[in-house]
Amino acid sequence: MKTEIFKLDPDDPDLEIIKKAAAVLLKGGLVAIPTETVYGLAANIFDESAVAKIYTAKGRPGNNPLIVHVHSIEQAKSLVSNWNKNAQKLAESFWPGPLTMVLDKTNLVPDCVTAGAPSVAIRIPRLFVTRRLIEISGLPLAAPSANISGSISPTTANHVAKDLGDRIEMILDAGPATGGIESTVLDVRSSPPVLLRPGLISIKMIEKIIGPVKQNSEPHLHGKAFPSPGMLARHYAPKTPVICLENPAIEMIENLKKDGLKAKLLDFRKTEGALNLPDDPEGYASGLYAALHQLDEAGLDRIVIAMPPDMPEWLAIRDRLKRAATAAN
Ligand code: TXA
Ligand code: MG
């Protein structure tokens, strides 16, 4: 299949292109869509064979449910049976934006979207272009990150094309995703709500609105029953082996070189010879996946990552880095 790529202004998208993408979705095709976090691979939630195509294109395990993207709180409510006070407050505070809420689903949401779960994960994405597409198509869109399952999430249309080119009908290119890491996933069915995946909306931001949030005590659930499959240890990983260290020195790279191994350091500090990312969490998140894609293509034997400090504001980033370093099995 030939994948068509269209460039779009995220704030002032060409309506004709949006209509083309909507037509593909209405016919049961797959469209890679920009969002403020990472690019998503979208299908019409009401079309079971289209949803099945997402799993096939990504090689995604069938037990990992998809996030549903909607354009308004009203549309979210039509898919949720237990919209509660916390959901309302969080939606008003963070939507459109990178907070995904898990709530009980209505019968409108097909089981294939939720991998058989009685709950649905739902959010309103921040980019205008994405909301416009959802609105014009009239369809809630199931969209996981637009990468092969287990590999690095895409923050550019090029990343998507590299992984999924020729497997999908269309890519909408609205430039690099500025958020850079995936949305926060919060189970809002219980009180207190439970954080299933840390992300750009921090626990502190959520607690300011609704009070205490329960953190999942085991961030690296492996091989057990898991509350959210994104909690699987290996996720977001480059093909090149990754070593995460709390305080790596550039000498470590030199030592690896002496052993005949090509290695590069990814650092939040301005270390000479390293690939440097900003030392603030937002800046770091924004550049992280592009940096990992770049290092993964550099023909290295090892990627060494200097872990940012073990502090709440770095939680989501440390989570992604640990997963990147977990060896495939
Ligand atoms: O920022 C994002 O969230 C991006 C953009 C495209 O929106 N999407 C994304 O989707 O990261 P994905 O499929 O890569 O991650 C979805 C996460 C997974 O950890 C999945 O297990 C969890 O959400 N999830 C989905 N439905 C769920 C449910 N009903 N209950 C618990 N977890 C759920
Ligand atoms: Mg993903």
Side-chain angles (χ1 to χ4, degrees), residues 1-5 21 24-25 27-35 37-69 98 100 109-117 120-123 125 130 133-134 139-173 177 179-183 185 196-197 199 226 228-239 288-290 292-293 296-297 320 323-324 326 328-329:
M1 171 188 322
K2 177 100 187 69
T3 305
E4 286 192 288
I5 304 181
V24 171
L25 290 164
K27 274 197 308 212
L30 300 184
V31 178
I33 56 168
T35 86
T37 59
V38 301
Y39 274 72
L41 181 59
N44 170 7
I45 68 159
F46 302 126
D47 183 335
E48 294 198 16
S49 78
V51 172
K53 285 185 200 165
I54 292 183
Y55 285 88
T56 309
K58 279 181 61 86
R60 183 176 178 100
N63 64 353
N64 194 356
L66 307 172
I67 294 178
V68 173
H69 297 69
T100 297
V109 183
D111 286 339
C112 59
V113 173
T114 66
V120 61
I122 197 158
R123 80 180 188 99
T130 322
L133 173 63
I134 298 167
L139 302 171
L141 299 178
S145 50
N147 53 288
I148 299 284
S149 195
S151 73
I152 313 165
S153 294
T155 55
T156 67
N158 257 347
H159 295 158
V160 179
K162 214 173 57 183
D163 254 24
L164 299 176
D166 299 336
R167 296 187 188 192
I168 63 180
E169 276 80 355
M170 191 183 282
I171 300 175
L172 297 182
D173 178 359
I181 58 171
E182 300 80 359
S183 62
V185 181
L196 299 180
R197 179 174 73 182
F226 39 82
S228 192
M231 301 297 287
L232 279 173
R234 184 178 164 81
H235 220 89
Y236 321 108
K239 294 182 196 82
L288 173 61
Y289 288 149
L292 289 179
H293 276 280
D296 209 16
E297 279 167 16
R320 302 305 189 281
R323 289 171 206 285
T326 306
N329 53 14

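Numbers here are sequence positions counted from 1.
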Taking all atoms of both residues into account, what is the closest heavy-atom pair of [X] and [Y], and its distance?
X	Y	value
Thr3	Leu164	OG1-O, 4.5 Å
Glu182	Ser153	OE2-OG, 2.5 Å
Ala57	Ile148	O-CD1, 3.8 Å
Tyr39	Asp173	OH-OD1, 3.6 Å
Asp47	Gly28	OD2-CA, 3.4 Å
Pro110	Glu48	CB-OE2, 4.2 Å

For Ala43, check side chain to side chain contact (heavy atoms under 4.5 Å, CB included) against everything at least two apart and list the hits.
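Result, side chain to side chain contact (heavy atoms under 4.5 Å, CB included) vs Ala43: Leu30, Ala50, Ile54.
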Are Pro140 and Phe46 close enough that some pair of their side-chain heavy atoms sits under 4.5 Å apart?
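Pro140 reaches Phe46 side chain to side chain.
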Approximate separation, where rounding is to 0.5 Å, of His293 NE2 and His159 NE2
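Reported value, rounded in 0.5 Å steps: 4.5 Å.
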Results of ring pair (Phe, Tyr, Trp, His ring centres under 6.0 Å) for His69 - residues two or more places apart only
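For His69, no residue satisfies ring pair (Phe, Tyr, Trp, His ring centres under 6.0 Å) once neighbours in sequence are set aside.
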Give me the one residue out of Val160, Val31, Asp163 that meets side-chain contact (heavy atoms from CB on, under 4.5 Å) with Ile168.
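The option that passes is Val160.
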Under 4.0 Å between a Lys/Arg side-chain N and an Asp/Glu carboxylate O for Lys162 and Glu297?
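Looking at Glu297 together with Lys162, the answer is yes, because their closest N to O distance falls below 4.0 Å.
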